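In what follows, a structure is listed as structure tokens, so that the remarks can point back to it.
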2 protein chains.
Amino acid sequence: MNTPTISSSNCDNCPIRHRAVCARCNADELVELDAIKYYRTYEAGQTVIWSGDIMSFVSSVVSGVATLTQTMEDGRTQMVGLLLPSDFVGRPGRDGAAYNVVATTDVVMCCFRKKPFEELMERTPHIAQRLLEMTLDELDAAREWMLVLGRKTAREKIASLLSIIVRRGASLTPNSIGENVVFDLPLTREAMADYLGLTLETVSRQMSALKRDGVIVLTGKRHITVPNMGRLLEEAGDDSDGGYLV
Amino acid sequence: MNTPTISSSNCDNCPIRHRAVCARCNADELVELDAIKYYRTYEAGQTVIWSGDIMSFVSSVVSGVATLTQTMEDGRTQMVGLLLPSDFVGRPGRDGAAYNVVATTDVVMCCFRKKPFEELMERTPHIAQRLLEMTLDELDAAREWMLVLGRKTAREKIASLLSIIVRRGASLTPNSIGENVVFDLPLTREAMADYLGLTLETVSRQMSALKRDGVIVLTGKRHITVPNMGRLLEEAGDDSDGGYLV
DNA sequence: CGAGCCATTGACAGGTCTCAACCGTGGTGG
DNA sequence: CCACCACGGTTGAGACCTGTCAATGGCTCG
């Protein structure tokens with residue numbers, strides 16, 4: 001395992017301090033959380049959690065990208081969550097994991113022992129409030145995703161995924177002001193296919209098509225430049241304003 | 001409209017008393033909820049909420065069935081939620097509605113004025129706790145649905161939808177013990193298509209196919225008998241035990 | 001240099017959509 | 001009273017998009 005060293009057990013320097021499940025906690029509450037927390041690291045490709053596992057912890061993604069997937073008996077796989085820094089993993093009150101969690105890049109997790117975390121939640125409204133807020137956001141994201149899966153064409157699906165990654169990464173890579181948006185795909189073609197309910201061949205073909213049509217510029221396989229974000233949003237079939245204030 | 005009379009302003013007789021957002025509330029908390037609540041009824045086909053509307057209330061479905069849908073500019077529509085009795089509508093902390101809500105049967109809603117409800121939530125952990133629990137359940141349902149939308153065939157999608165309706169209706173129509181499961185579809189073919197990301201023609205064809213193959217028996221358009229529930233679950237591509245205790 | 005992985009591209013098959021005709025029921029108005 | 005329409009549903013024929021199977025290319029690493 002790479003660099004298991006945890007430089008900051010200190011929440012003050014934590015990159016997700018004000019966005020994760022602990023966002024609303026005050027100093028006293030952080031002390032309580034600190035007592036039940038530990039860090040774990042995972043290498044790219046490693047499975048963090050197997051569906052059905054008994055979970056002894058819940059956790060927050062500190063850095064890196066992981067996926068939440070569901071698999072049918074015959075192997076068909078659907079991604080049901082894309083876990084970026086600050087996202088929460090696990091369900092308080094449930095023992096078994098419902099999904100597979102796989103690290104797609106090297107990942108650092110901030111884990112809380114489950115039992116004490118649940119007890120802490122009982123008497124710390126700040127945690128439960130934040131978790132409710134985050135869960136409602138995830139539910140909205142899942143519903144937007146359902147529209148993508150159910151009603152969009154392959155080309156629109158790809159454009160939607162790229163838009164979502166840009167939107168979610170905006171806070172991480174603060175260069176989304178000008179026209180040119182640049183980012184690295186944290187997913188393989190296969191993972192993109194699992195996200196979008198497509199085959200990896202169709203993903204590849206549509207990526208090539210968007211490239212050919214000048215919607216995106218591909219440098220290597222993963223480095224992407226979007227010359228015109230409005231155009232990408234059009235291709236995604238979304239309202240051209242992106243749904244948020246312009 | 002059938003029986004718009006609200007016989008019970010009294011929570012004790014409420015059919016969703018122990019399943020809705022108020023499930024954990026004690027007598028004192030119910031009194032507070034009672035002060036900010038009112039009932040509304042909607043006829044089948046009526047739109048309850050338009051996406052983008054300013055919401056002055058949140059609510060629980062008391063009886064009937066409603067749908068939560070999202071629509072693209074060109075009219076493509078995806079259902080993102082199926083609202084059955086006890087389900088919660090609205091998002092505390094957000095002013096605008098994100099989805100359309102349409103009554104598919106006559107519906108009774110128990111509405112709470114939004115501002116006071118939010119204030120009550122702040123000081124009543126029982127409500128926030130229950131809402132978190134319900135939201136996590138909805139998120140799980142949305143993720144199961146994503147697998148259906150992204151990876152299942154039309155035939156599997158239909159079988160999955162019927163299974164879900166049976167499972168959710170089990171508590172409502174307590175006849176799911178024996179082999180024969182009987183129920184009425186609360187959805188038109190078009191609504192089923194919007195649920196599953198299909199066209200209504202494909203839904204109709206697959207319903208006919210399942211009927212022809214003896215998986216279901218159709219009486220009229222909406223009345224369904226499932227002679228062998230295990231068979232239906234197989235057709236849905238799910239684990240044969242249905243995920244729950246047999 | 002070969003192995004393994006990720007990705008691209010082609011040819012073809014097949015599942016679902018599109019367009020269209022038709023059926024049965026219930027309500028309505030001449 | 002009955003023609004007529006609206007509505008939900010079924011079925012057919014053909015087109016098209018995406019999946020399947022297969023071959024190939026580029027890259028990294030041992």
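In what follows, every chain begins at residue 1, and chains take the letters A, B, ... in the order their sequences are listed. Keep in mind the model is a prediction, meaning the values are calculated, not measured.
Contact between the side-chain N/O atoms of B:T202 and the OP1/OP2 oxygens of C:dC17 is found at a separation under 4.0 Å. The shortest distance between the side-chain N/O atoms of A:R205 and the OP1/OP2 oxygens of C:dG10 is not below 4.0 Å. At the phosphate of C:dC5, neither OP1 nor OP2 sits under 4.0 Å from any side-chain N or O atom of A:T188. Considering only side-chain N and O atoms, B:S204 lies nowhere under 4.0 angstrom from the phosphate OP1 or OP2 of D:dT11.
Using a 4.0 Å cut-off between charged side-chain N and carboxylate O, A:R76 and A:D194 make no salt bridge. Salt bridge status for A:R19 with A:D87: absent, with no side-chain N to carboxylate O gap under 4.0 Å.
Rounded to an integer number of Å, the gap from CD1 of A:I224 to C1' of C:dA7 is 13 Å. A:H223 has its NE2 atom 18 Å from the C1' atom of C:dA7, to the nearest Å. Straight-line distance from the CZ atom of B:R189 to the C1' atom of C:dC17: 18 Å, rounded to whole Å. The interatomic distance linking A:R151 (CZ) with D:dC17 (P) rounds to 17 Å, in whole Å. One can place CG of A:D74 at 15 Å from C1' of D:dT20, the figure rounded to the nearest angstrom. Rounded to an integer number of Å, the gap from A:E190 CD to D:dG19 C1' is 15 Å. To the nearest angstrom, C1' of C:dC6 lies 13 Å from CE of A:M192. As rounded to whole Å, 10 Å separates atom C1' of D:dT10 from atom NZ of B:K211.
Here A:R76 lies out of heavy-atom contact (under 4.0 Å) with every strand. Backbone-only engagement by B:R222 is indicated by non-hydrogen atom pairs under 4.0 Å involving sugar-phosphate atoms exclusively. Residue contacts for B:L198: at a heavy-atom cut-off of 4.0 Å it reaches the sugar-phosphate backbone alone, with no base atom in range.
Between A:G197 and A:K221, it is A:G197 whose nearest contact on DNA chain D lies nearer the 5' terminus.
The structure places CD of B:E156 at 12.0 Å from CZ of B:R151, a figure rounded to the nearest 0.5 Å. Note: B:I216 CD1 to B:L232 CG = 8.0 Å, rounded to the nearest 0.5 Å.
Side chain to side chain, B:T202 and B:T199 meet the donor-acceptor criterion of an N or O pair below 3.5 Å.
Counting atom types as modelled, A:E201 pairs a side-chain N or O with a base atom of D:dC21 as donor and acceptor under 3.5 Å.
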